[in-house]
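Per chain, numbering begins at 1; letters A, B, ... match sequence-line order.
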There are 2 protein chains.
Amino acid sequence: MNIGKAAVLSGLTVKTVRYYSDIGIISPHVNNNTGYRDFSEFDLAKLQFLAKARKFDFSLDDCRDLLALYENKERSSKEVKALTLEKIAEIDTKLSELQMLREQLSTLATACHGDNRPNCPILDALSEKTYQ
Amino acid sequence: MNIGKAAVLSGLTVKTVRYYSDIGIISPHVNNNTGYRDFSEFDLAKLQFLAKARKFDFSLDDCRDLLALYENKERSSKEVKALTLEKIAEIDTKLSELQMLREQLSTLATACHGDNRPNCPILDALSEKTYQ
DNA sequence: TTTAAACTCTCCTCCTACAGGAGGGTAAAG
DNA sequence: CTTTACCCTCCTGTAGGAGGAGAGTTTAAA
């Protein structure tokens, strides 16, 4: 199938699919006359796999690994699980960072009148020298 | 003071400070003979302000706005608070997205034996066609 | 005084994961 | 035969810098 159909069926954009071809994460057959890419069912399956893995916040490099495991019927599930647990740990780190951030900002916002007076605890906090 | 000292005192890297100068978010005086940038105390204060605002996840464009308000003694705190509340809302969105992600990944990781057998619920989920 | 280390400068490329658009070829429908 | 909808490559831009080359400057030690 052509790239447009592959894009629709995988939920990716044509640009994205073309990009994945360019960086070699998938390798559809190319028609020598027209230069059109031709995606097989297996190519499509990989694109759908990629779309989902990207939604799970796996980087394209992670996806390369996952895809290699996906294609290898002899793989052990150990590696996949390790990669997943690593990703979960990353997410946890990010979550706690964001939560701290939210609390600090929330505290500042609460303290700020938000009126027309120039006094503003938010800017005060940002310009405080002692707090880093 | 030179860029190195300004960087240390603001907790930024020299590269970052130079970048901020390049994009005009700060404008230190430049020595015409040597080309060396010369940072005043006020420049330093702005760099420290920027370092903190960046930690609070404000984009450099946000920082431009905040800095303008910071420099304007006649500003009202309303604008600053609005910007902050907007940022909090962004963080909330990101938080819930990440939490959903974590749950899904966690569910998959739990279901996966993580042994040497090829069977792997994680890859199964990623390659499921019906689930999008 | 010379020299070596430490600092600074500009300019260049690279990173992630694409998006947007120019300029042109191709395919299918009317 | 023409229109419209695809498809192609190539170039640039995004955010926020990092890394490094090659060259000038300053400072401290020998």
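- Following rounding to the nearest Å, B:K5 (NZ) and D:dT26 (C1') show an atom-to-atom distance of 15 Å.
- Residue pairs satisfying the salt bridge (charged side-chain N to carboxylate O under 4.0 Å, His left out) criterion with at least one member in residues 23-37 of chain A, sequence neighbours excluded, are listed as follows: A:D22-A:R37.
- Contact of the A:F58 side chain with the A:D65 side chain is not registered, since no non-hydrogen atoms from C-beta on lie closer than 4.5 Å.
- Side-chain contact check for A:L60 versus A:Y19: some heavy-atom pair is nearer than 4.5 Å.
- When atom types are taken as modelled, the side chain of A:D38 and the backbone of A:H29 share no donor-acceptor pair closer than 3.5 angstrom.
- Among the atoms of the strands shown, only primed sugar atoms or phosphate atoms (P, OP1, OP2) are found under 4.0 Å from some heavy atom of B:N2.
- As a whole-Å value, the separation of B:D22 CG from D:dA15 C1' is 15 Å.
- Annotation: side chain of B:Y36 is not in contact with side chain of B:V30 (no heavy-atom distance under 4.5 Å).
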Would you list the protein and nucleotides 18-21 of chain D atom pairs, both N or O, that sit under 3.5 Å from each other?
{"unit_1": "D:dA18", "atom_1": "OP2", "unit_2": "B:T13", "atom_2": "OG1", "d": "3.0"}
{"unit_1": "D:dA18", "atom_1": "OP2", "unit_2": "B:T16", "atom_2": "OG1", "d": "3.2"}
{"unit_1": "D:dG19", "atom_1": "N7", "unit_2": "B:K15", "atom_2": "NZ", "d": "3.0"}
{"unit_1": "D:dG19", "atom_1": "O6", "unit_2": "B:K15", "atom_2": "NZ", "d": "3.1"}
{"unit_1": "D:dG20", "atom_1": "O6", "unit_2": "B:K15", "atom_2": "NZ", "d": "2.5"}

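- B:M1 places its CE atom 18 Å from the C1' atom of D:dT26, with the value rounded to the nearest Å.
- Among residues at least two apart or in separate chains, salt bridge (charged side-chain N to carboxylate O under 4.0 Å, His left out) pairs with a member in residues 84-95 of chain A are A:D62-A:K87, A:K87-A:E90, A:D92-B:R102.
- When DNA chain C is scanned 5' to 3' for any atom under 4.0 Å from a heavy atom of chain A, the first and last hits are C:dA17 to C:dA27.
- Every salt bridge (Lys or Arg N to Asp or Glu O under 4.0 Å) that A:R64 has, sequence neighbours left out, goes to A:D61.
- The distance between atom OH of B:Y20 and atom C1' of D:dA15, rounded to the nearest whole Å, is 11 Å.
- A:L47 has its side chain out of reach of A:T16: every pair of non-hydrogen atoms, C-beta onward, lies at least 4.5 Å apart.
- Proximity of B:Y19 to the phosphate of D:dA15: no side-chain N or O atom is located under 4.0 Å from OP1 or OP2.
- A:N33 meets the side chain to side chain contact (heavy atoms under 4.5 Å, CB included) test with A:N31; sequence neighbours excluded.
- Both A:Y36 and B:T34 lie near DNA chain C, and the one whose nearest nucleotide falls closer to the 5' end is B:T34.
- The CG atom of B:L50 sits 14 Å away from the C1' atom of D:dG17 (whole-angstrom rounding).
- Between B:R37 atom CZ and D:dG24 atom P the separation is 18 Å, expressed in whole Å.
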